[in-house]
Enquirer: 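I'd like to ask you about the structure that follows.
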Amino acid sequence: MKKIVICGSTGSIGRQTLEVCEWFPEELQVVGLTGGSNIELLAEQTKKFKPQVVALADERKYADFKRLLGDCPTEILVGEDGVLAVAGLSSADLQVAAISGLAGLKPTICGLQAGLAIAFANKEVLVACGQPVMKLVRELGADFYPVDSEHSAIWQSMDGRGEVASLVLTCSGGPFKQATAEEIYRATPVDTLKHPTWSMGAKITVDSATLMNKGLEIIEAHWLFDMPYEKISAVIHPESIIHSMVQYGDGSLLAQFSYPDMRLPIQYALFYPKRRANSLRPLDFAEIGKLTFWAPDEERFPCLRLAREAGMAGGCAPAVLSGANEVVNAAFLAGRITLGQIYDGVAAVLSAYQMGPCDTPEQVIEADCWARREAEAWLRKQSC
Ligand code: NAD
Ligand code: MG
């Protein structure tokens with residue numbers, strides 16, 4: 001039995017991880033869950049999977065949560081300390097890191113320090129804190145398995161036998177791939193939350209529509225695979241069948257193909273190095289017919305360029321980009337700004353940033369807090 005804790009079990013990745021656990025009840029045991037504030041779903045999951053311990057981040061909801069759990073014997077913890085205790089549960093073998101945003105940083109570090117393998121979905125943590133986190137992974141010799149579909153595809157396509165020339169990240173293009181710059185700029189949350197191929201949490205769905213997500217993933221790939229930015233590119237592939245590719249020096253290119261379904265990369269990370277059979281639909285190329293590709297248009301999608309430039313600038317610039325993006329993305333979802341203003345806000349914060357050192361998680365958190373304050377100040381000016 002592999003014992004698993006899921007940080008962020010009520011989110012899109014967390015729920016799909018639990019589905020995979022249900023497929024393999026003899027091999028995967030859920031021993032810990034954490035959730036932010038959706039107490040109804042967290043209680044339902046706890047009663048169903050009966051983990052040893054559950055942590056609710058929003059401690060104000062403890063009494064209601066306890067009532068929902070009834071006589072369920074699972075130990076309940078609350079607040080950030082509770083989440084961290086579950087993230088580093090000593091009886092577990094593997095943590096699924098599926099909290100969204102930089103809130104996932106401390107839980108990831110706790111899991112690493114407790115000696116757990118990490119199935120890692122939370123890209124914002126690597127974007128903001130790639131250098132210190134990967135340093136810790138190397139120092140501890142930890143197992144750190146990518147879950148993001150593009151990075152899982154690259155990992156699956158690395159045969160370890162040749163010089164890698166470049167990485168190519170595929171990208172569905174989101175709901176506005178054919179829209180004009182003006183339509184993209186004015187887009188509302190209702191238009192934006194209709195992703196054509198993937199069903200995901202709201203924040204990442206917005207990031208996919210601006211292509212900020214692809215920019216964040218380029219930075220994530222830089223850290224995960226120790227690859228210079230010049231050797232990482234993105235290509236629009238609207239069918240979402242090829243999930244990313246590795247180009248080798250001999251002219252060969254290896255890629256991973258499947259219908260888009262996050263349960264596949266989640267399962268791959270949970271069982272690595274084994275590939276286990278499941279009931280996911282095999283690919284039917286006759287049904288698919290054709291696969292298309294084109295270069296992303298950075299004029300219409302300037303967030304992609306902005307993210308790559310922040311990555312190349314290094315230091316805490318990616319942390320500033322990601323922290324400001326979290327704030328303006330949430331403001332967009334709340335109806336305060338239009339989609340195009342996400343770029344305006346993040347670019348304004350980045351241009352005001354004076355580069356400082358970025359070697360420790362504390363320095364990253366400081367830069368992130370500064371970026372959030374700046375982004376809030378920028379938002380207030382827009383309301384005026
Ligand atoms: P989501 O918003 O659906 O879920 C986020 C989870 O984190 C929830 O359980 C929430 O309660 C918890 N959470 C949020 N803030 C918290 C806090 N401050 N403290 C404790 N818990 C908190 O997000 P998601 O779509 O599942 O994405 C999770 C991560 O995985 C993100 O970093 C995202 O970029 C990445 N990712 C998601 C997908 C996808 O298909 N959804 C694909 C690739 C990568
Ligand atoms: Mg992805």
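Whatever order the structure lists them in is the order used to number ligands and atoms, beginning at 1.
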Enquirer: State whether R186 and E182 are salt-bridged, where the test is any N-O pair (Lys NZ or Arg NE/NH1/NH2 against Asp/Glu carboxylate O) under 4.0 Å.
Expert: yes
Enquirer: Pick, from L33, I13, I6, the option with the minimum heavy-atom distance to atom 27 (O) of ligand 1.
Expert: I13
Enquirer: Between E217 and K123, does at least one N-O distance fall below 4.0 Å, as a salt bridge requires?
Expert: yes
Enquirer: Please name the atom of E150, limited to N, O or S, that comes nearest to the Mg ion (ligand 2).
Expert: OE1
Enquirer: So which of A121, A55, S322, S100 gets nearest to atom 5 (C) of ligand 1, if we judge by its closest heavy atom?
Expert: S100
Enquirer: Atom 28 (C) of ligand 1: which protein heavy atom is closest, and how many Å away?
Expert: A98 O, 3.4 Å
Enquirer: Is any N or O atom of D148, backbone or side chain, closer than 3.5 Å to an N or O atom of ligand 1?
Expert: no
Enquirer: Can you find an N or O of G8 that's nearer than 3.5 Å to an N or O of ligand 1?
Expert: yes
Enquirer: Mind checking whether W155 and F225 have ring centres under 6.0 Å apart?
Expert: no
Enquirer: About how many Å separate OG1 of T108 and CZ of F144, when rounded to the nearest 0.5 Å?
Expert: 6.5 Å
Enquirer: Pick one: which of L68, V54, V30 meets side-chain contact (heavy atoms from CB on, under 4.5 Å) with T46?
Expert: V54
Enquirer: In terms of residue, atom name and distance, what is the protein heavy atom nearest to atom 9 (O) of ligand 1?
Expert: T10 OG1, 2.7 Å
Enquirer: Could you tell me, atom by atom, which parts of ligand 1 come under 4.0 Å of a heavy atom of A57?
Expert: 19 (N), 20 (C)
Enquirer: Below the 3.5 angstrom mark, is there an N/O of G36, backbone or side chain, next to an N/O of ligand 1?
Expert: yes
Enquirer: Among all protein heavy atoms, pick out the one at the shortest distance from atom 33 (C) of ligand 1; state its residue, atom name and that distance to 0.1 Å.
Expert: I204 CD1, 4.0 Å
Enquirer: Please identify which atoms of ligand 1 are closer than 4.0 Å to at least one heavy atom of A103.
Expert: 17 (C), 18 (N)
Enquirer: Does G14 come within less than 4.0 Å of ligand 1, judged by its heavy atoms?
Expert: no
Enquirer: Could E80 and K106 be called an ion pair, given the rule that one side-chain N must be under 4.0 Å from one carboxylate O?
Expert: yes
Enquirer: Of all N, O or S atoms in D148, identify the one at the shortest distance from the Mg ion (ligand 2).
Expert: OD1
Enquirer: Would you tell me which option among T205, D58, I99 has the nearest heavy-atom contact to atom 29 (C) of ligand 1?
Expert: I99
Enquirer: Taking atom OG1 of T34 and atom CD of Q95, what is their separation to the nearest 0.5 Å?
Expert: 8.0 Å
Enquirer: Is any side-chain N of the basic residue among K214 and E150 closer than 4.0 Å to the acidic one's carboxylate O?
Expert: yes
Enquirer: Between R308 and E298, is the closest basic N to carboxylate O distance under 4.0 Å?
Expert: yes
Enquirer: Under 3.5 Å, N or O to N or O, is G11 touching ligand 1 that way?
Expert: yes
Enquirer: Counting each atom of ligand 1 from 1 as listed, which ones have a heavy atom of G201 under 4.0 Å away?
Expert: 3 (O), 25 (O), 41 (N)
Enquirer: Would you say S12 has any N or O atom under 3.5 Å from an N or O of ligand 1, going by distance alone?
Expert: yes
Enquirer: Could you tell me whether ligand 1 has any atom less than 4.0 Å away from a heavy atom of E124?
Expert: yes
Enquirer: For ligand 1, is N38 a contact, meaning one of its heavy atoms is under 4.0 Å away?
Expert: no
Enquirer: So that I can tick it off, tell me whether R300 and D297 are bridged by a salt bridge, with the cut-off set at under 4.0 angstrom between side-chain N and carboxylate O.
Expert: yes
Enquirer: Have N325 and S322 got a donor and an acceptor in their side chains that come within less than 3.5 Å?
Expert: no
Enquirer: How far does SG of C110 sit from CG of L116, to the nearest 0.5 angstrom?
Expert: 10.0 Å
Enquirer: In E217, which N, O or S atom comes closest to the Mg ion (ligand 2)?
Expert: OE2
Enquirer: Counting heavy atoms only, which of K203, E220, K123, R263 comes nearest to atom 34 (O) of ligand 1?
Expert: K123
Enquirer: Give the atom numbers and elements of ligand 1 that come within less than 4.0 Å of a heavy atom of M200.
Expert: 39 (C), 40 (O), 41 (N)
Enquirer: Using 4.0 Å as the upper bound for N to carboxylate O, is an ion pair formed by R373 and E376?
Expert: no
